[in-house]
Amino acid sequence: MAVPMESQLQSIFEDVVVGDRFDERTKLVSCLGAFRQYWSTLPQESHDQCVQWIVRFIHSQHSPKRISFLYDCLAMAVETSLLPPRMVCQALMSSDSLEWERTQLWALTFKLIRKIIGGVDYKGVRDLLKAVMDKIQTVPNFMSSAVVQQLLAAREVVEYILDRNACLLPAYFAVTEIRKLYPEGMLSHWLLGSLISDFVDSFRPTARINSICGRCNLLPVVNNSGAICNSWKLDPTTLRFPLRGMLPYDKDLFEPQTGLLRYVLEQPYSRDMVCNMLGLNKQHKQRCPVLEDQLVDLVVYAMERSETEEQFDDGGTSQLLWQHLSSQLIFFVLFQFASFPHMVLSLHQKLAGRGLIKGRDHLMWVLLQFISGSIQKNALADFLPVMKLFDLLYPEKECIPVPDINKPQSTHAFAMTCIWIHLNRKQLTRFLFLSVFRFLQQSLRNKSLPMTDYKIALLCNAYSTNSECFTLPMGVLVETIYGNGSMRITLPGTNCMASGSVTPLPMNLLDSLTVHAKMSLIHSIATRVIKLAHAKSSLALAPALVETYSRLLVYMEIESLGIKGFISQLLPNVFKSHAWGILHTLLEMFSYRMHHIQPHYRVQLLSHLHSLAAVPQTNQNQLHLCVESTALRLITALGSSEVQPQFTRFLNDPKTVLSAESEELNRALILTLARATHVTDFFTGSDSIQGTWCKDILQTIMNFTPHNWASHTLSCFPAPLQAFFKQNNVPQESRFNLKKNVEEEYRKWKSMTVENDIITHFSMQGSPPLFLCLLWKMLLETDHINQIGFRCALNIACDLSVLERIGARALVAHVRTFADFLVYEFSTSAGGQQLNKCIEILNDMVWKYNIVTLDRLILCLAMRSHEGNEAQVCYFIIQLLLLKPNDFRNRVSDFVKENAPEHWLQSDWHTKHMTYHKKYPEKLYFEGLAEQVNPPIQLHLQYLPIYFGNVCLRFLPVFDIVIHRFLELLPVSKSLETLLDHLGGLYKFHDRPVTYLYNTLHYYERHLRDRTNLKRKLVHAIMSSLKDNRTPGWCLSETYLKCAMNPRDDNVWIPDDTYYCKSPGPFPNCDWRFNEFPNPAAHALHVTCVELMALAVPGKDVGNALLNVVLKSQPLVPRENITAWMNAIGLVITALPEPYWIVLHDRIVSVISSAVLSSETEWVGYPFQLLDFTACHRSYSEMHCSYILALAHAVWHHSSIGQLSLIPKFLSEVLKPIVKTEFQLLYVYHLVGPFLQRFQQERTRCMLEIGVAFYEMLQAVDQHSKHLAYMDPICDFLYHIKYMFTGDSVKDQVERIICSLRPAMRLRLRFITHISKMEPAAAASTATSVPQSSSVSSPAAQSGAGPSNIPLSVGQ
């Protein structure tokens, strides 16, 4: 087919070209007539080939006149719609003959393209723009000026394409192609001159609309809820922000954000956030050079710090920094995100010539951590670069003397020697550490190593890879904590013996061991525990071993053998062996000794505990109590930002993290879920839980343990949770029926005379859980328990006893019913002596007869759903139980007085623990009943070992819940104050006292708003409990303590502006491994929020005062640090409840309504320049509106997605009615535009609502304004939204709006909805600069730009 086509075409065109019988017009008509006839016979698939042949034919001509004539033929063919213009233009541009050297052909070709390109669809124009610019790139930089004029025809085509009034394509497409060809910092071709740069500059307003003010200066708080969002992500290769679209953003946004990554790396416990920022996955080994560089820079910084610090081993910042660096290096190198040899070589390069040698021992200690643990797995060559560092940092000629081994710092001084030993390089020509090496060799020959110095640690560090030499020092450590095998000591409870070692290894000794040595030690301990579990040894673990194991688990660098092994290997092995004593020990460790355990491990343990609770062997009092207490701690301790990420992992099977039986645990989980969703604003703007991650969890809980909530508790829940529980209301048994059933059962009890009949009746499966109610009535009526009653109550007295048949697990249901019955009994009590007798008997059931533990009874009472007067009675019972008898108060008082919470610093915990238990023994098996029976029944009990726990510590998480229940009911406020006065000292031992206070003040902000005395009492009780164990200023500011703690109501302290301007701290150094918070910034944020929420000032006023810190001229706020202050305000205000941060919306409304933005008169200056806060601030030309803009960006950048989800409603209901001018519209776009990317990633619905609101505001502005001066930036921004975010998802909503806009705006936005271009006349009236050279200058309507509901790539 190809040959005939060429022949026919040749005959058509050659006859015309060669012949000269007719004039030009006749030739054109003749040629086109013949071609039209031929074209109509061609199949569609041959059209391209045909046009390409014509172009080749034309380009093969050498006569300019012939070429011009043939181009006229092509132009007429296009004008008469014979040939499609896109096909012609593409054929022309793809011709190999189109070269700049053929200047006439070049000029004629681009003139033709300029003439017909108006008929090309916008995607075709985009492709042609790219092709034209590629052709221009072939023009050399140096050439004769004589031909420049001819070459400019190509520039004219580009100029026409870029002409915004011609509107051949979305300008957004054009800038994308230009930026691909000429990236940031690259100049365009000289032929295009300023045309390209001016066009790109016209997009700088659009780029600024999409930029967060001062973004490069905004920093997160590591492990804060806002830090886990997408705001902080960086490109893992360049460390740049992931900017959307090829826009000319400000230069600083294209820079590597090394400062941000460095800041995060410096923070303790930041490794997960670093991985999240850089998209690093532990499962995929990928080296990250930029991360390596920052780690190296941190080491250099630590070396610089060491030069200025006199002391090292004083817990100073330098020691903490080196400790942290060691942990970071191990993690990132272990997972191959960083290369050890590359880092060492880089270190050598950066330290060369600096003379930094004071920190050399600490650096070698850090390197030793990795070398000792990996020398056996890696090639020796990987470690040889360390030798270059040695030569650089140790320039001495003489041997270095042996350091003082009585100081922990000596382990660092020995580090280089240990490295040499591990590298097996003993034969050296210049060995500076010969005396140190000989000292180690000599110490090895001494078989009796003392624990009084650091010799054992030094030997372990030096020889951890040499099994022959390592056995001796490690053996000494192991024997110290295991005990010698013959010594026995007693533990609390009956018949509980343990190995005799009670003194754990001190933390400074453990810190002096290398990671490799610590791994050997923890492996030895775990192996021994598993071995003892398999052997079912009756002898409990030595207290020293348990405490040392707990301390080892704090080291993140040994996570695989540490907490990961604890959860996934040790616990399952112990459970499989049915070693209940060891299981009890492990759960105690988790409850009272572990810190900063990652949430996925905690939730995994919670799942284990729920499955454990269903095993028959765990249905005994002590173990069941421990399992439920541990589960309660795990649930209530979940951080607000941890709840959603962790529980969404179990959506396919929510049963695994829920209790099938314990209503109290499931209620605690719901309370935690309510608190978490409130604090993170998860449900903000939502009225239902439908479609959310927690729906299945709540439904499963209601299937397992159906229950209701009291109205005063329910009113505190987020609205969707309230709606759920109102829809799933559970019928409750009336108190009258409960009383009636108890009376009936009690009559049966008294009428029965045969013991077996009583036991059979009351322990029968399915019997109502009323047994404790019957015991209560018996005590109330007879004041003693008779023999049969005892045998029915005693768990271990005989196999036929009722309670043993009921079992510990089912007994909880009896306690639950008993709690309801107590409320009824106390409600109907006559008061006076009768009331005293009731509380005395209740107290006896707890402390005298040991029928139920106090923490279990109080928890059940606190979790019941009583209303009105009954709720007050319930809380009255709790208060009486806790305070009226002295039993519990004495226990609390003595425990608080004799003990300190810093267990990691103690060596005598076990002694104090035993002293306390001897004075106040725990009785968990009804021993009190046995002692009351005459003659007493001898019990043969075997208690599980108790190393840390007691009723006071078990009560703490229950006390947390009790305080919250009391806060919900206004009439019991005074009772709560009394409880805090007497029991508040217990918070000295709370794991997270500040976090608890923060969550409480945040969650109950509405309830505490007008109860300033109660707020003050709560803060004072918790914080003062820690005053003897914390340095001054650790939490509340001196100003607050001096002024706000004044209890007089008539003299409420209202802080002035100076108070808000004072930054918190500086806080004292501390070991963050055992701190409530993971780093100083997290600590500062929480204590600041607690103090602000504790003020006797409305949240709105506090919020406005915080904003005024930067919005008003403050002498304490230096101008040069303004963005840092904005960052701090953003962090603080978003961590406060809604009334505090919602005031920002009022400020925005005020600015938008101001005359500056709402006036129709011409504005003073270019709006985009005035809204560039950073540039204006530097030049002292900023305005109030730009301050508000920058502050809003700082606040919203730190906001949770829940807080941000209020923006669509704010736009549509508040701002939309106000926005009437172009300046107001641009301000709103600047305000919200930068956050569309985050909405798309985290809450797409909001993004679509915002997109529609933007068009609705534009419509209002278009109708209100006579003239629009900034149509192009507005349209560019809307195209950016379409192609980067919404795609065609909002097409239906916005099409109607676009059709109603003025013609010039409609012309520019026509590609969004693909409506036809205006008629030329209409276009001419609004865009006079559009040349009307031919009737084909208007592109036809085009099909959709891409699939709906997804953002479109500009390349599509």
Side-chain angles (χ1 to χ4, degrees), residues 489-494 496 498 502 504 540-547 549-551 553 571 574 580-595 597 605 609 612-613 618 620-637 665 808 846-847 850 852-859 887-888 891-892 894-896 898-904 906 908-925 927 941-960 983 985-992:
I489 58 168
T490 58
L491 291 178
T494 310
C496 193
V502 297
L541 303 174
L545 182 149
V546 176
E547 190 79 73
Y549 187 26
S550 302
R551 292 176 179 183
L553 289 172
L571 266 174
V574 169
W580 308 124
I582 295 178
L583 179 64
H584 188 273
T585 302
L586 299 179
L587 296 184
E588 269 210 318
M589 283 170 55
F590 210 96
S591 293
Y592 305 116
R593 286 295 184 266
M594 296 199 191
H595 303 263
I597 303 301
L605 176 59
L609 291 179
L612 186 66
T618 62
Q620 60 108 320
N621 291 9
Q622 190 182 359
L623 187 55
H624 183 263
L625 180 65
C626 181
V627 168
E628 292 230 332
S629 295
T630 307
L632 181 65
R633 277 180 174 272
L634 287 168
I635 291 167
T636 56
L665 290 181
V846 174
W847 302 113
N850 313 122
V852 60
T853 60
L854 179 78
D855 52 305
R856 176 61 53 205
L857 179 57
I858 297 291
L859 179 64
D887 300 77
F888 187 58
R891 283 167 167 80
V892 170
D894 285 358
F895 183 68
V896 170
E898 298 297 331
N899 292 277
E902 293 84 8
H903 57 83
W904 59 96
Q906 299 167 11
D908 61 345
W909 163 262
H910 182 73
T911 306
K912 292 182 176 180
H913 174 66
M914 287 306 299
T915 303
Y916 183 79
H917 272 277
K918 283 173 183 173
K919 187 173 182 180
Y920 301 110
E922 294 265 344
K923 296 181 179 179
L924 304 172
Y925 293 95
E927 291 95 322
L941 301 173
Q942 175 66 58
Y943 266 74
L944 303 176
I946 301 173
Y947 296 91
F948 310 118
N950 57 55
V951 68
C952 296
L953 293 177
R954 269 203 324 274
F955 179 69
L956 255 176
V958 178
F959 196 20
D960 288 348
L983 304 177
L986 267 179
Y987 278 89
K988 174 182 178 179
F989 299 95
H990 200 288
D991 290 347
R992 295 161 302 280

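Keep in mind the model is a prediction, meaning the values are calculated, not measured. In this chain, numbering begins with 1 at the start of the sequence shown.
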Is there a side-chain contact between [X] and [Y] in this structure, where contact means two heavy atoms from C-beta onward sitting under 4.5 Å apart?
X	Y	answer
Arg891	Phe955	no
Phe888	Val846	no
Thr915	Glu898	no
Val958	Leu854	no
Tyr920	Asp887	no
His910	Leu491	yes

Restricting to non-hydrogen atoms, name the atom on [X] and the atom on [Y] that form the minimum distance, rounded to 0.1 Å.
X	Y	value
Thr636	Pro957	OG1-CB, 4.3 Å
Leu665	Leu632	CD2-N, 3.7 Å
Thr618	Ala613	OG1-O, 3.8 Å
His913	Gly949	CE1-O, 3.6 Å
Leu953	Arg633	O-NH2, 2.8 Å
Ala498	Leu541	CB-O, 3.5 Å

[X] [atom1] to [Y] [atom2] distance, which is reported to the nearest 0.5 Å:
X	Y	atom1	atom2	answer
Thr585	Trp580	OG1	CH2	13.0 Å
His917	Ile946	NE2	CD1	5.5 Å
Asn621	Thr853	CG	OG1	9.0 Å
Asp855	Glu628	CG	CD	10.5 Å
Leu944	Leu583	CG	CG	8.5 Å
Ile597	Leu553	CD1	CG	6.5 Å

Problem - Pair His595 and His903, ring centroids less than 6.0 Å apart - result: yes

Should the pair [X] and [Y] be assigned to parallel (<30°), tilted (30 to 60°) or perpendicular (>60°) ring geometry?
X	Y	answer
Phe895	Phe989	tilted
Tyr987	Phe959	tilted
Trp909	Phe948	tilted

Practice task
Run the salt-bridge test on Arg954 and Glu922 with the 4.0 Å N-O cut-off and return the result as yes or no.
Solution key: yes

Handout entry: Any donor-acceptor pair under 3.5 Å from Lys912 side chain to Ala900 backbone
Key = no

Problem - Short side-chain to backbone donor-acceptor contact, Tyr943 and Leu924, under 3.5 Å - result: yes

Problem - Pair Asn950-Tyr916, side-chain donor/acceptor within less than 3.5 Å - result: no

Exercise for the section: Start with the C-alpha gap between Gln622 and Leu625, add the side-chain angles, then the distance that decides, and say whether side-chain contact (heavy atoms from CB on, under 4.5 Å) holds. Expected result: CA-CA 5 Å; Gln622 190 182 359; Leu625 180 65; 5.9 Å; no

Practice task
Test salt bridge (Lys or Arg N to Asp or Glu O under 4.0 Å) on Glu588 and Arg593 and set out the steps.
Solution key: CA-CA 8 Å; Glu588 269 210 318; Arg593 286 295 184 266; over 6 Å; no

